[in-house]
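Written out below as structure tokens is the structure these notes cover.
Sequential numbering from 1 along the given sequence is applied to the chain's residues.
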Amino acid sequence: MIRLLLADDQRLVRAGFRSILADEDDIEVVGEAADGQAAVSACHELRPDVVLMDIRMPGMDGLEASRAIAGDERLASVKVVILTTFDLDDYVYGALRAGATGFLVKDTEPEELLQAVRVAARGDALISPSVTRRLIAEFAGRVKGPRPDPRLGALTEREREVMQLVAAGLTNDEIAARLVLAPSTAKTHVSRIMSKLGARDRSQVVVLAYESGLVSPGWLAD
């Protein structure tokens, strides 16, 4: 059972998401929050697996709340999915850097919402692959030149190759198919990469890949 927390300052938005999620046998909405501070407090109290977090809320916004959750070791298992009205929101890249797992636009289809919650819960891939890859490339392209990161020196050549594919938005199964590996082997490579980089989840691996220059915007684009 996936434990879910809804964080949005609009009650109708929360009610809409709850109505979509309530019929699913594997998802339980365990709480709601109307601002970022309440969301952080609810995470400590309820320990959800996933938080659907609106990025723009009064007081502590979703970006600050995401950073607070990601920076708290006691909440290491909590995955944050940012909700935004626009698919190219200047705050979203910052949210990914702050530790959010990914993002969804609020008018996403119900099927994609459900899939996103499940994907986030298992930490398998970024959210909204149809737009997330484009968004990361868009905002990573604004970084003033790559910033070499010494942590990449700990990666093997194969791990660097896998990291490039993670940055391209591929799932473990897709990476396995691309490199002719067993899915379990691809998963092991990703886990080792995250461990060596000290990354909380795949989104931080992706951000680091772009910021370090390991990949560049548009690489392996659709």
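Across every non-hydrogen atom of Glu28 and Met1, the tightest pair is N-SD, 3.7 Å. A pairwise comparison of heavy atoms in Val206 and Ala167 identifies CG2-CA, 3.8 Å as the closest pair. In terms of heavy-atom proximity, Glu64 sits nearest to Asp61 at N-OD1, 2.9 Å. Closest non-hydrogen pair, Ala34 versus Pro58, comes out as O-CD, 4.3 Å. Residues Ser66 and Gly62 share a closest heavy-atom pair of OG-O, 2.7 Å.
Electrostatic pairing of Glu159 and Lys196 counts as a salt bridge here, judged by a charged N lying under 4.0 Å from a carboxylate O. The residues Asp9 and Arg56 are annotated as not salt-bridged, no charged nitrogen and carboxylate oxygen being separated by less than 4.0 angstrom. In summary, Glu161 and Arg178 do not engage in a salt bridge, as defined by a charged side-chain N under 4.0 Å from a carboxylate O.
Contact annotation: the side chain of Leu197 never approaches that of Gln204 to less than 4.5 Å [non-hydrogen atoms, C-beta and beyond]. Two residues are said to be in side-chain contact when any heavy atoms from C-beta on lie closer than 4.5 Å; Ile69 and Met53 meet this criterion. Between Leu52 and Leu5, every side-chain heavy-atom pair lies at or beyond the 4.5 Å cut-off.
Atom CD1 of Ile2 is separated from atom CZ of Arg122 by 8.5 Å, given to the nearest 0.5 angstrom. Taken from CG in Leu155 to CD1 in Ile193, the straight-line distance is 6.0 Å, to the nearest 0.5 Å. Between the CG atom of Leu83 and the CG atom of Leu113 there is a distance of 8.0 Å, given to the nearest 0.5 Å. Arg158 CZ to Met163 CE: the interatomic distance, rounded to the nearest 0.5 Å, is 16.0 Å. Remark: Glu112 CD to Asp107 CG distance equals 9.5 Å, nearest 0.5 Å.
Side chain of Ser195 to backbone of Ser191: no donor-acceptor contact under 3.5 angstrom is found. Checked by atom type and distance alone, the side chain of Arg3 pairs as donor or acceptor with a backbone atom of Leu46 at under 3.5 Å. Judged purely by atom type and a 3.5 angstrom limit, Glu211 has no side-chain atom pairing as donor or acceptor with the backbone of Leu208. With hydrogens and angles disregarded, no donor-acceptor distance shorter than 3.5 Å links the side chain of Asp54 to the backbone of Met57. Looking only at distances, no side-chain donor or acceptor of Thr108 sits under 3.5 Å from a matching main-chain atom of Leu104.
Sorted by first and then second residue, the side-chain hydrogen bond (donor to acceptor under 3.5 Å, both in side chains) pairs involving residues 10-22 (not counting sequence neighbours) are Arg14-Glu32, Arg18-Glu32. Screening residues 33-52 for salt bridge (charged side-chain N to carboxylate O under 4.0 Å, His left out) gives no qualifying pairs among residues at least two apart or on separate chains.
Applying the side chain to side chain donor-acceptor pair (under 3.5 Å) rule to Arg160 yields no partners; only residues at least two apart in sequence or on another chain are considered.
Environment of CZ in Arg192: sparse, with no more than 12 heavy atoms of neighbouring residues, nucleotides or ligands closer than 6.0 Å.
A donor-acceptor pair shorter than 3.5 Å can be found between the side chains of His44 and Asp72.
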| task | Carefully, step by step, assess Val30 and Leu4 under the rule side-chain contact (heavy atoms from CB on, under 4.5 Å). | result | CA-CA 6 Å; Val30 296; Leu4 184 74; 5.8 Å; no

| said: side-chain contact (heavy atoms from CB on, under 4.5 Å) for Val80 and Val50? Distances and angles first, verdict last. | reply: CA-CA 6 Å; Val80 177; Val50 178; over 6 Å; no

| Hey, mind stepping through Leu152 and Leu214 against side-chain contact (heavy atoms from CB on, under 4.5 Å) and telling me if it holds? | CA-CA 9 Å; Leu152 266 63; Leu214 183 64; 4.1 Å; yes

| task | Take Val51 and Val78, measure what side-chain contact (heavy atoms from CB on, under 4.5 Å) needs, and give me the verdict at the end. | result | CA-CA 7 Å; Val51 182; Val78 178; 3.7 Å; yes

